[in-house]
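Okay, structure first, notes after.
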Amino acid sequence: MRLSSGGDIFRDRPLTISFDGRDLGGFEGDTLASILVANGVRVCARSIYAGRPRGLMSSGSEEANVFVQVVSGAGEPMVRATEIEAYDGLVTESLASKGRLLDLPDTSRYDKRFIHVETLVVGGGRSGVAAAAEAARAGGRVLLVHDRATIARGEGVESVVGMGGLTILTRTTATGLHEHGYVVAVERRTDHLAVPPETWSRQRLWNIRANEIVLATGAHERPIAFAGNDVPGVMLAASAVDYVTRFGVRPGRRAVVFGCHDGVVDAARALAEAGVEIARVVDARPWAADEVKQGTEEGSLDVRAGVVIGTASLPDGTLSGAVIQARDGSVETVACDLLAVSGGWNPALQLLTHTGGRTRWADEAAAFVPSQRPQHVRVVGKASGEFAAALRPEPLFCVDGPGSDPADIFLDLQRDATLADLRRAVAAGMRSVEHVKRFTTISTAADQGRSSSVLTVGVLCQELGVPMTEGVTTTYRPPYTPLTFALLAGRDRGYLADPERVSPIQDWHVAHGAAFEDVGQWKRPWYFPAYDGESLHDAVARECAATRSSVGMMDASTLGKIEMYGPDVGEFLDRIYTNLMSTLAVGKVRYGVMAAVDGMVLDDGTVARLSDNRWILTTTTGNAAKVLDWLEEWLQTEWPDLDVRCTSVTEHWATVAVVGPRSREVVAAIAPGLDVSNEAFGFMEWRDAMVGDCAARVMRISFSGELAFEVNVDGWRGQALWEVIYEAGQPYGITPYGTETMHVLRAEKGYPIMGQDTDGTVIPQDLGMSWVVSKKKPDFVGKRSYSRADAAREGRKQLVGLIPSDGSSPLMEGAQLVETGVDLTRVPVPMVGHVTSAYDSVSLGSPFALALLADGANRHGEELQAVDELVGTRVRVTSPVPYDPEGARRDGN
Amino acid sequence: MNEPERLPNLPEFLWADAEPKSAYDVIIIGGGGHGLATAYYLAKNHGITNVAVLERGWLGGGNMARNTTIIRSNYLWDESAAIYEHSLKLWEGLEDDLGCEVLFSQRGVLNLAHNLGDVREAKRRVNANQLNGVDAEWLTTEEVRKLVPILNASDDVRYPVWGATFQPRAGIAKHDWVAWGYARGAHAMGVDIVQGCEVLDFVTDGNRVVGVETNRGRINAGRTALCAAGHSSGLAAKLGVRLPVQSHPLQALVSELLDQVLDTVVMSNTVHVYVSQAHKGELVMGAGIDSYIGYGQRGSFPVIEHQMAAAIELFPIFARAHVLRTWAGIVDVCPDASPIVGHLPLDNAFINCGWGTGGFKATPGVGWVYADTIAHDRPHELGEPFALTRFEHGSLIDEHGAAAVAH
C-alpha cells in the first residue's frame with residue numbers, strides 16, 4: 001500500500017506496468033517489487049518444486065523468491081523483481097525459479113570499455129562515497145561504481161558529484177574480481193527506460209584495472225529459518241523498512257518483528273512510523289527480557305523474549321500470523337500480515353573471495369568477516385563487519401520449534417531446499433559444506449546463496465555440534481550478479497564473431513564469382529566457376545587442365561610470412577627446422593620442415609635469405625600465428641641469447657603464384673627487366689623485379705610440380721598486380737584457380753599438406769622425406785625423438801598413393817584402410833591406415849588418393865580396401881608421386 | 001512450460017569418514033572420481049578391501065566437481081576408443097551396479113564440423129569408430145538442424161555447420177553423484193575413505209614404495225597408487241620421477257534454470273563451444289583451455305567472453321540467458337593429450353593421471369583398468385598402451401586433433 005508521502009520516487013510521474021497480465025500503477029523511481037507491494041500483490045511467484053506460493057522476501061539483490069520474465073523491451077529471463085527499475089509499459093510475468101528463452105532475435109547492442117584507475121571503489125553507500133572522496137582528494141584517477149541509480153547522499157555524506165579525478169558509474173555492478181587488480185563490471189544503461197535512445201548500447205561491460213580496490217559492498221541481511229518461513233509476508237526486516245523509506249510503500253498493516261540483535265527494534269520503530277501496527281517484537285537473544293520499549297508516535301513497542309516457530313496463513317497461502325514461543329515455552333499465534341525477520345548481517349564479500357581472499361567467522365560480529373585479502377584490496381564499512389558493536393548480535397540461524405516439520409523450514413527458498421534436506425545430507429555422511437551444498441543444491445541458484453549460504457553453514461555447524469569458527473562458506477564464483485550471454489559477447493556477434501580475414505585481391509575474387517572456403521580466419525577462393533552453376537568438380541578439372549597445359553594463377557597472399565632479422569637467424573633456424581638453413585645463400589630459397597619436440601611434423605614452408613641478416617619464411621595459412629608463437633617461445637624462454645627478431649608480415653605482402661608451362665612468358669611480360677631464363681633464374685631462387693612501377697620480389701618455387709613463379713608486392717598493390725598478370729596471361733588462357741585445384745596439383749606430385757596428410761603422429765621420414773632431416777646438425781627441435789625406438793619401428797605409417805582398382809570408383813577422404821578379405825561386420829576391424837586426401841585427377845585420368853599406411857613404403861602394388869561408411873572400395877597402393885615422378889616439368893619447356 | 005521435477009533422492013547413506021589405520025594393502029592417493037572408482041573395483045572385482053582412499057580436501061572436490069559431465073567414446077585412435085568404450089559400457093550399467101542413481105542420460109553427443117578440414121577429420125573418426133564397434137554417424141547439415149532446431153545451421157553465420165558426427169549412446173551424468181556412488185559402494189565393501197589427509201611424502205625401501213607420510217601421520221602400504229590428476233606431478237617428483245604432464249586451467253559456466261531447449265550435447269572444436277542442458281534446466285558450457293600453466297582454479301575472463309560470442313553465434317536463442325557462475329578446473333595434459341596409466345618406475349607404485357579433458361567420462365573405465373593393474377601388478381591390456389614408458393620409446397597416442405578442446 002502506497003503511503004501518502006516519502007520515498008525517492010517521483011510522484012508527479014506516474015506509470016503503469018503489467019505483471020501477469022494485470023496493469024499496476026506506480027511511479028518513476030519504483031522497482032517492479034515496490035509496485036507489487038504498493039498494489040498489494042502478495043503472491044508473486046510459485047516455488048520451483050513444491051509449487052508453494054511465494055512473495056517478496058527482500059527489497060534488493062538478496063531476493064530469492066521473486067524472479068520474473070521481462071517480456072517488454074529487450075526481454076530477459078529470470079530477473080529479480082527487486083532489481084527491475086519500473087518504466088511505463090514494462091511487461092513482466094511471474095516464474096517458478098525457472099526462466100525461458102525467447103526465440104526472437106536479440107537486437108540489443110552491448111559494448112565494452114576499458115579503464116585504468118589508481119583507485120576503484122565498489123559500492124556507493126556512505127562508506128564507498130567517503131572512500132572515493134578521500135582517494136580523489138589524494139589525486140589520481142578514481143572510479144566509483146554503484147549498483148543502484150543514485151549514490152548515497154544527504155546528511156553526513158560528502159557531495160562528490162563533479163569532484164576532479166572522480167568518475168561515477170551508477171547502475172553498475174562489479175561482478176568479478178580477477179587477478180592483478182582486474183575488475184569486471186556491468187553498466188545497465190537502458191533497462192530502466194521506456195524508450196531507449198536508439199544509439200545506446202543496452203549494457204556495457206567495463207574492464208577495469210585498478211591499483212587499489214576498495215570494497216564498500218555493504219552487507220546483506222540474513223534471514224532466520226523456521227517452519228513456514230517461505231510464506232508470502234515473511235520478509236527481511238531491513239527490506240521491509242527499505243520499502244517504506246525508498247519507495248513510500250507499506251509492506252503490511254500489522255507486523256511481527258523477529259530477530260536476534262538490537263537492529264530489530266529500530267526496524268520496528270521505522271515500520272511503526274510508517275503506520276504499520278507492530279503487534280510484537282520478538283527478541284531471540286538468550287539475555288533478552290520482556291519489556292516495553294519507548295516506541296513511536298504510534299505507541300510503545302511490545303518486546304518479548306522468544307522465537308518465532310511457525311506461521312499461519314490464509315487460504316491463498318499468504319501470512320496471517322506468527323506462531324511465537326515465549327521464553328517460558330508458551331506458544332501463541334499473533335495475527336499479522338508481515339513478519340519482518342533479521343538474523344543479523346552478512347558482509348557482502350563475494351568479490352573478495354573471487355581471487356583468493358578468505359573470510360572467517362567472527363563471534364563478535366556474528367558474521368563472516370574478511371580474514372585474508374588479495375593484494376591491493378581494502379574492505380570498508382559494513383562489508384568489513386563494522387556494524388557489529390552497535391547491534392550486539394547473537395547468531396540465530398534456524399528455529400526448529402516443537403512440532404515443526406523440518407520439511408517446512410526453508411534454507412534455500414529458490415531451490416525449495418529445507419532443513420529436512422540438510423539433515424538427509426548429514427545422515428548420509430556429508431560433513432563438508434561443499435558436499436551439503438551439492439547434496440541439497442542449496443546456494444546453487446541464481447542468487448548464489450546470498451540468503452542461504454551462511455544460514456546453511458550455521459545450521460550445519462549446529463547439526464554437527466561444532467562451533468561456527470570451524471565453519472567455512474562455500475566458494476563464491478564470478479559473476480556476483482548474473483550476466484547476459486550477449487553482454488559478454490559484446491560486439492563479437494554475427495560476422496564479427498571472429499575476424500574475417502581476406503587477401504588484398506578479395507574484391508576481384510568476389511567480382512569474378514569465386515566460391516570461398518574458410519581456412520582458419522581467412523576466406524580463400526576455393527574455386528572459380530566459369531559460369532553460373534559450374535560444379536566444383538567441373539571447375540577444378542578445368543582449372544587443373546589449364547594449369548598443367550598452359551598457365552594458371554592463384555592468390556597465395558594468405559600464406560603466413562614471418563620476416564626475421566639479426567645475426568643469429570641462421571643459427572636459430574638451424575635449431576628450429578629439421579634441415580640445415582644457415583648455409584642458405586642470399587638470393588636462394590629453401591624448403592623446410594619444423595618438428596615438435598616429439599619429432600612430429602609441425603609445419604612446413606620456404607625460407608628465403610634476403611641479406612646476411614634478413615630472412616623471410618612462410619608458413620601454412622592456418623598455422624601462421626601458431627608458428628610465430630612457437631618461434632617466440634623458443635627465443636624468449638630457451639635461447640634468449642640469440643639475437644633474432646621475428647615480425648609477422650603476412651598482410652604486408654600480396655602474393656600471386658603464376659603456375660604452368662607458360663608462366664615464364666607471363667612473368668617475362670609483366671617484368672620485362674627480369675631475366676626469367678632457367679639459367680639466370682633457377683629453381684628455388686628469388687629476384688627483385690619491377691612490375692610496372694611496382695617493386696616486386698619474385699620467387700621460383702612450386703607447389704604443383706610445374707614451372708612456377710610467386711610474385712610478391714606490397715599488400716595494397718596486390719589487386720593491381722593480379723590484374724596485370726591476368727591481362728598478360730590472356731594470350732595463354734591464364735586461368736585463376738583456388739585452393740581445391742592447388743590441392744589436386746600438389747597431391748598429384750605427392751606434396752603433403754601438413755595437418756591434412758599428417759596428424760601429429762607423422763615424422764618427416766614417414767613422408768618419404770628423410771632428406772629433410774639433417775644428420776649433420778648437432779641438435780634441432782625434435783632430433784632427440786628420432787633416436788627413440790618408435791621412430792625406427794617397422795610398420796610405421798607412411799605416405800602412399802592409392803588408386804581405385806577399377807580405375808573409376810571415387811575415393812573418400814577419411815576412409816579407413818583395411819586388408820582385403822577382412823569381414824567388416826566383425827568388429828573391431830583392424831585398420832592399417834587412412835585416406836588423407838582424395839581427388840579426381842584429370843592428369844591421371846582417374847580418382848586417386850594420398851594415404852598413411854602401415855609399412856606403406858613396402859606395399860606399393862598391393863591391394864587394400866578403403867572403407868567409408870562401412871563400405872569397402874578396392875584400391876591399389878602406389879607411389880605417393882603418381883604424376884611426373886621424374887620432376888621433368890619443374891623448369892618448364 | 002514443462003514443470004520442473006525434483007531430482008530423484010540420493011541414497012539414505014553414502015559413506016562415513018574413517019580414521020586412517022597404520023597400514024593398508026593399497027593406498028590410493030586422491031579421492032576424486034578415479035580414486036574412488038579404483039577403490040570400488042579393487043574391492044568388487046579383486047576382493048581387495050583393505051584399502052584407503054586419501055583425499056587432502058573434500059571427496060570429489062577437484063575436477064570431478066568441475067567438469068561439464070560429457071560422456072562419449074568416439075575417440076579416434078584404437079587405444080583411446082577401446083578404453084573409453086569400455087568406460088561407456090560400464091556407464092551403461094553403472095546405476096544397477098552401484099545401486100544408486102547417477103542420472104546417466106544417453107542423449108547423444110554432436111561434434112560439429114565447420115570447414116573442409118573438420119569434415120575430413122570427422123569422417124575419418126566416424127569410420128574408425130564404426131570399425132571399432134563404437135556407435136558413430138555422420139550427419140548432414142539438414143540432419144543436424146532436425147536434431148537441434150535451435151542451432152543456427154544456416155549459411156548466415158560466421159562458420160557455417162557443414163555437418164556433424166553423432167554418437168547416440170553418448171551423454172551426460174551427474175558428476176557429484178557418480179563420485180558419491182563409488183564412495184558409497186567402496187565404503188560398503190570396507191574401503192576406508194579419509195578426507196582431510198594430505199600426502200606429504202613417500203616412504204621407500206630401496207626401489208620399493210612402502211608407505212606415505214601424511215599430515216595425519218605415516219601410513220604403510222603394500223601398494224601405493226597415485227590418482228591425483230595434475231598434482232601427480234608434484235607427488236611423483238618426491239619419488240624422483242618427472243612426469244610429462246602440464247596443468248592448465250579450463251573454465252566452465254552455468255546459466256540459470258531454463259525451460260528445456262536442448263536435449264543433445266553439442267560440441268564444436270572450431271568455434272570452441274560445448275554445451276548441454278542439465279537435468280535441472282541449466283545450460284552447462286565449457287570454454288577453451290587457458291594456455292598458461294598453473295594449479296589456480298581460476299581462469300581468464302576473456303576466455304569466457306570469447307566463449308559466449310561463439311555460443312551465441314551457434315545458438316542465437318542463448319543471447320538472453322545469464323551466466324550464473326563460472327569456475328575452473330585444472331586439466332593435466334600429456335604431450336600427446338593421452339593419459340598415463342600403469343606403473344611408476346618403482347616397485348609397488350602406480351600412476352594414473354594426464355586425462356586432460358577426458359577424465360570424467362573415463363571414470364568407470366579407468367577405475368576398472370587401474371584396479372586390475374594394481375591388483376595384479378601388471379598392465380591391463382586396455383591400459384598398456386598408456387604406460388609412462390611410451391614417452392621413452394616414442395609410441396605416443398596423439399589425441400590432440402580430437403581432444404584439444406573437446407570434452
Side-chain angles (χ1 to χ4, degrees), chain A residues 48-49 75-78 97-103 105-106 176 178 184 355 427-429 431-432 434-435 438-439 446 448 477-479 482-486 488-489 492-493 495 497-498 517-518 598 756 759-761 785 788-791 812-816 827-829 831 834 867-868 870, chain B residues 1 4 6 10-17 58 61 65 78 114-117 120-121 123-124 127-128 130-133 158-159 176 256-259 261 281 298 301 304-305 308-313 316-327 335-336 392-396 398 400-401:
Chain A
I48 182 163
Y49 299 120
E76 198 170 0
M78 289 289 284
S97 290
K98 196 172 193 185
R100 59 177 190 276
L101 294 171
L102 300 178
D103 197 8
D106 171 43
H178 303 271
V184 174
T355 309
R431 296 295 178 269
S432 157
E434 293 285 358
H435 283 144
R438 286 164 170 79
F439 191 103
Q448 272 207 51
R477 303 287 181 190
L483 295 176
T484 304
F485 279 22
L488 299 182
D492 299 347
R493 298 174 68 179
Y495 75 98
D498 202 32
E517 176 192 5
D518 283 311
D598 59 6
Q756 174 170 339
D759 62 5
T761 65
S785 296
R788 293 190 296 192
D790 200 67
M812 303 303 291
E813 289 176 350
Q816 294 287 338
V827 297
V829 176
M831 291 165 261
H834 78 284
V867 182
D868 184 59
L870 294 176
Chain B
M1 189 171 101
R6 263 186 206 277
L10 281 155
E12 283 181 14
F13 181 72
L14 292 170
W15 80 91
D17 261 24
W58 44 280
D78 297 350
H114 297 276
N115 55 50
L116 293 170
R120 194 180 293 125
E121 284 308 307
K123 291 193 167 176
R124 175 187 178 192
N127 285 326
Q130 289 175 345
L131 293 172
N132 270 322
R158 177 65 183 87
Y159 293 112
D176 298 322
E256 67 268 80
L257 306 191
L258 296 162
D259 284 350
V261 293
R298 295 190 289 275
F301 188 70
I304 300 282
E305 294 178 274
M308 289 297 97
I312 296 177
E313 190 57 7
I317 196 174
F318 289 174
R320 295 175 177 85
H322 296 106
V323 175
L324 216 64
R325 204 163 61 247
T326 64
W327 67 91
D336 60 354
E392 290 163 26
H393 47 73
S395 51
L396 307 182
D398 188 89
H400 274 295

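Below, chains carry the letters A, B, ... as their sequence lines are ordered, and counting in each starts from 1. In what follows, every heavy atom counts, from backbone to side chain, and hydrogens, waters and symmetry copies are set aside.
Using the six-membered ring where Trp is involved, A:Phe485 and B:Phe318 have ring planes that are perpendicular, over 60° apart on the 30 and 60° scheme.
B:Asp259 places a side-chain heavy atom less than 4.5 Å from the side chain of A:Lys98. Side chains of A:Asp759 and B:Arg124 form a contact here, defined as non-hydrogen atoms less than 4.5 Å apart. Counting heavy atoms from C-beta on, the side chains of B:Arg320 and A:Leu102 come closer than 4.5 Å. Contact of the B:Glu256 side chain with the A:Pro77 side chain is registered, since non-hydrogen atoms from C-beta on lie closer than 4.5 Å. Under the 4.5 Å side-chain criterion, counting only non-hydrogen atoms from C-beta, A:Asp492 is not in contact with B:Glu305. Two residues are said to be in side-chain contact when any heavy atoms from C-beta on lie closer than 4.5 Å; A:Leu870 and B:Leu131 meet this criterion. B:Asp78 is not listed as a side-chain neighbour of A:Pro828, based on a closest heavy-atom distance of 4.5 Å or more.
The minimum heavy-atom distance between A:Ala428 and B:Pro11, with the atom names listed, is CB-O, 4.1 Å. The two residues A:Gln448 and B:Arg325 have their closest heavy-atom pair at NE2-CG, 3.8 Å.
Listed options B:Leu324, B:Leu10, B:Leu116, B:Asp336 were ranked by heavy-atom pairs under 4.5 angstrom with chain A; first place goes to B:Leu324. In terms of heavy-atom pairs under 4.5 Å with chain B, the best-connected choice from A:Glu813, A:Met812, A:Arg438, A:Arg431 is A:Arg438. Chosen from A:Gly176, A:Ala446, A:Ala427, the residue pairing most often with chain B at heavy-atom distances under 4.5 Å is A:Ala446. When the candidates B:Tyr159, B:Trp58, B:Phe301, B:Trp327 are compared by the number of heavy-atom contacts under 4.5 Å with chain A, B:Trp58 comes out ahead. The candidate with the highest count of non-hydrogen atom pairs below 4.5 Å against chain A, out of B:Lys123, B:Gln130, B:His114, is B:Gln130. The candidate with the highest count of non-hydrogen atom pairs below 4.5 Å against chain B, out of A:Pro105, A:Pro478, A:Ser97, is A:Pro478. Ranking B:Ala65, B:Gly133, B:Ala128 against chain A, the residue ahead of the rest is B:Ala128, based on heavy-atom pairs under 4.5 Å.
In this structure, A:Asp498 has no salt bridge (Lys or Arg N to Asp or Glu O under 4.0 Å) partners at least two apart in sequence or on a different chain.
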>> Before you tell me yes or no, could you show the steps for A:Arg788 and B:Leu396 under side chain to side chain contact (heavy atoms under 4.5 Å, CB included), namely the whole-Å CA-CA distance, both residues' side-chain angles and the distance that decides it to 0.1 Å?
In response: CA-CA 11 Å; A:Arg788 293 190 296 192; B:Leu396 307 182; 4.2 Å; yes
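With B:Asn127 contributing its side chain and A:Gly814 its backbone, the two residues share a donor-acceptor pair below 3.5 Å.
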